[in-house]
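What follows is a set of notes on a single structure, which appears directly below.
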Amino acid sequence: MSRSAFRLSPMASDSLWTGARALSAVFLVLLLVLLGRLVMTFFWDVPLAIDEAQYLVWSRELQAGYFSKPPVIAWAIATSTGLCGSETAGCVRMLQPLALGLASLAVGLTAWTLWRSLSASVWAAGLFLTMPLVGFYSQIATTDAWLLLWWSWALWAFVWALTSGMPSRSRLSSQGLTMGSNEVAWIVLGAICGLGLLTKYSMAVFALPVAFVLWREGMLLRTGPWLTLLVAMAVFSPNLFWNSEWGFPTFDHTLGYAEGKGDAFVNAGSLGEFWMAQFLVMSPLVLLAFLWLSLKSLVGWGQSNSVSRGPGGSSFAMDAGVRLSLVFAWPMLLVVSLQALTGKVEANWAAPASVGIALAVVGLWCAASHQFFRSRFFGRSVKSLGLPVSLLLNVGFTVAFLALPVGLERLGWAGVAGKDPRVPLVTLETLATDVDTYLESLPSEARPQFIASKDRHALAYLDARLGREYRVVYWDPGLEAKVATMDGAGTVGSSEDATEVKDPRPAQHHWALQKPLATELAAVSSILFVSRNREELEQIRAMASPKPASGVQTQPPPEAVLMTPVR
């Protein structure tokens with residue numbers, strides 16, 4: 001079967017949306033969106049999120065893994081702050097829009113590899129880059145932007161591997177796929193998948209559609225796929241060794257989310273909320289077209305020909321490229337849907353599905369052979385307007401999201417709890433600032449040896465701001481298992497000289513795992529304990545003797561207690 005059999009027919013030459021001018025306009029819009037997001041990372045008035053502050057701390061201590069995530073996000077932030085020269089929010093987020101710009105390039109190249117259609121390539125890149133989900137990840141330093149980068153390039157590498165080498169008949173669709181065994185392509189695919197696993201373990205879901213396609217094509221026992229697996233595991237192996245050293249905390253943390261928090265198959269409400277949210281994050285018209293396309297594909301999957309009948313008797317031709325895109329979209333959606341049935345999930349957990357969704361929908365809307373939207377139910381106008389209307393909606397979301405701080409100011413909601421989503425972040429940032437100001441007011445000999453807390457959120461901001469100058473550690477003074485006691489004076493003492501403050505429970509976050517206060521209290525000169533829990537602070541004040549501040553009368557912030565253990 002020749003490679004042309006794997007090509008989608010472009011829209012008619014008189015189409016308004018696939019001509020040279022239209023494609024040039026779309027390309028210009030994409031360039032402006034990318035540049036706008038990059039510039040706004042430095043001017044966007046949104047403090048670092050809790051996870052961003054944590055990732056910034058990780059980026060100062062480069063390892064092959066961390067408590068809740070593999071290491072790529074820390075490596076990326078270390079690179080961006082190193083290039084930028086500071087650790088401001090803009091510098092932390094600087095590489096996010098660039099990563100997703102490269103991901104959209106991979107989506108466009110995949111569309112070209114599938115269909116040899118310039119219009120499909122430009123529109124696929126455009127719909128993906130402007131999706132609301134991608135717009136959000138462009139402004140926040142998260143693992144998901146890098147996961148989308150590797151997922152999109154892995155799909156391109158897989159299509160490259162499939163379409164190179166000796167041809168054979170495909171059973172994926174009646175039109176056929178050109179199969180092959182290009183070892184270079186399989187090695188590249190393995191390296192990309194390994195990097196994806198070093199970014200987020202959900203990259204493992206990529207193996208499900210790959211295995212399905214290889215099974216359908218009778219390629220599971222060929223050398224190429226196993227070469228991919230070998231390379232991927234070699235790239236991923238440093239994180240495996242790190243986890244084995246620390247007791248596999250990242251695996252436990254990830255499995256905790258995967259198992260859910262409720263009884264199996266009872267949480268239909270969570271499932272409904274997840275799917276309703278997909279219409280927002282994936283773009284409403286795009287997801288609607290994707291669901292109808294999936295339904296038609298399912299109805300005609302086992303047929304011997306590629307034409308099924310749509311509503312009103314219209315014909316609908318399904319080709320290999322569209323079907324392959326659907327195969328790479330659904331596994332992640334199904335995995336998260338199953339999680340939703342057993343507990344609460346977030347709308348962004350199925351983010352990698354956006355790659356397959358963008359490709360499938362563009363394959364539908366850019367192909368003249370696809371007559372599905374000529375049915376009486378939809379009408380031809382939906383097919384003609386789906387691309388530009390979706391792009392305009394997506395760009396509108398991008399503008400609104402970037403203008404969020406200005407909009408909150410205009411509405412008078414800035415700083416109002418419950419209306420301004422930045423308020424919890426500003427509160428934590430203010431806490432770290434107040435602690436920093438207090439410590440600066442102390443003479444050097446009166447400054448604490450440790451800054452301690454049991455609150456992960458507080459620890460993230462304290463360590464991000466103060467970690468280069470102070471030892472920020474996890475400490476739970478209320479542990480029942482600790483041997484520490486109170487002497488008659490009400491100060492922290494110990495029943496034995498070798499008392500250690502250790503948490504016998506499994507670590508709950510990065511600081512509990514790698515930075516616990518596990519030292520002899522008698523050897524600690526002073527501790528500044530920080531907490532947003534009033535009862536906890538009162539407990540500490542009852543247990544601790546205030547540490548003299550060498551004549552300085554400055555009081556610690558109301559969320560902090562400076563104390564000294566008994567000698």
Side-chain angles (χ1 to χ4, degrees), residues 48-61 63-71 73-74 141-143 200-202 239-240 242-262 339 342-346 349 424-425 427-428 431-432 435 450-467 470-484 499-519 521 527-537 539-540 543 559-561:
L48 290 177
I50 295 165
D51 284 345
E52 287 181 297
Q54 176 178 257
Y55 300 153
L56 175 58
V57 173
W58 292 357
S59 72
R60 299 170 184 164
E61 308 158 0
Q63 303 178 43
Y66 300 91
F67 172 79
S68 60
K69 296 290 190 299
I73 184 63
T142 68
T143 56
K200 198 170 183 179
Y201 290 165
S202 52
N239 185 252
L240 291 175
W242 180 91
N243 269 278
S244 66
E245 179 184 356
W246 290 95
F248 294 93
T250 320
F251 284 78
D252 290 341
H253 177 82
T254 304
L255 288 174
Y257 278 106
E259 291 171 356
K261 299 179 180 179
Q339 289 180 268
T342 60
K344 186 71 174 176
V345 300
E346 301 295 337
W349 286 9
L425 308 181
T427 301
L428 287 165
L431 170 62
V435 170
F450 295 100
I451 300 174
S453 181
K454 59 180 289 188
D455 180 349
R456 182 183 77 91
H457 297 176
L459 283 167
Y461 279 81
L462 290 168
D463 209 346
R465 186 178 183 94
L466 302 168
Y470 298 91
R471 296 175 64 184
V472 180
V473 298
Y474 163 76
W475 182 39
D476 182 357
L479 281 176
E480 296 180 1
K482 78 175 189 286
V483 190
T499 298
E500 291 186 350
V501 182
K502 291 183 178 178
D503 192 338
R505 302 165 297 182
Q508 300 298 307
H509 49 72
H510 167 72
W511 289 269
L513 177 69
Q514 292 194 330
K515 297 184 176 184
L517 179 59
T519 186
L521 286 179
I527 304 171
L528 180 69
F529 185 80
V530 181
S531 176
R532 295 177 294 164
N533 185 303
R534 182 174 299 178
E535 294 181 0
E536 192 171 64
L537 285 170
Q539 176 191 13
I540 291 295
M543 293 172 60
E559 300 88 356
V561 175

Can you tell me how far [atom2] of [Y] sits from [atom1] of [X], rounded to the nearest 0.5 angstrom?
X	Y	atom1	atom2	answer
Thr250	Lys200	OG1	NZ	13.5 Å
Leu517	Lys454	CG	NZ	14.0 Å
Phe251	Tyr201	CZ	OH	4.0 Å
His510	His253	NE2	NE2	13.5 Å
Ser453	Glu559	OG	CD	11.0 Å
Asn243	Tyr66	CG	OH	12.5 Å

Side-chain touch [X]/[Y], heavy atoms, less than 4.5 angstrom:
X	Y	result
Leu425	Glu52	no
Tyr461	Leu431	no
Val435	Arg465	no

Salt bridge (charged side-chain N to carboxylate O under 4.0 Å, His left out) partners of Lys69, counting only residues at least two apart: none
By salt bridge (charged side-chain N to carboxylate O under 4.0 Å, His left out) - contacts of Arg532 (at least two apart): Asp455
Audit row: Trp349, Gln339, side-chain hydrogen bond (donor to acceptor under 3.5 Å, both in side chains) steps and yes/no: CA-CA 10 Å; Trp349 286 9; Gln339 289 180 268; over 6 Å; no
What closest approach, in Å, do [X] and [Y] show between heavy atoms, and which atom pair accounts for it?
X	Y	result
Ala53	Ala460	CB-O, 3.8 Å
Pro71	Gly65	CB-N, 3.9 Å
Ala74	Ser59	O-CB, 3.4 Å
Phe67	Ala507	CE1-O, 3.3 Å
Ser531	Leu537	O-CD1, 3.3 Å

From CA spacing to verdict: side-chain contact (heavy atoms from CB on, under 4.5 Å), Tyr470, Leu528: CA-CA 11 Å; Tyr470 298 91; Leu528 180 69; over 6 Å; no
Arg456: partners by side-chain contact (heavy atoms from CB on, under 4.5 Å), with sequence neighbours left out: Ile50, Asp51, Gln54, His509, Trp511
Test item: side-chain donor near acceptor, Gln514 and Glu61, under 3.5 Å: no
Any donor-acceptor N/O pair, Arg60 side chain to Ala464 backbone, under 3.5 Å: yes
Step-by-step side-chain contact (heavy atoms from CB on, under 4.5 Å) determination, Leu48 to Tyr55: CA-CA 10 Å; Leu48 290 177; Tyr55 300 153; over 6 Å; no
side-chain contact (heavy atoms from CB on, under 4.5 Å) assessment of Leu513 paired with Tyr474: CA-CA 9 Å; Leu513 177 69; Tyr474 163 76; over 6 Å; no
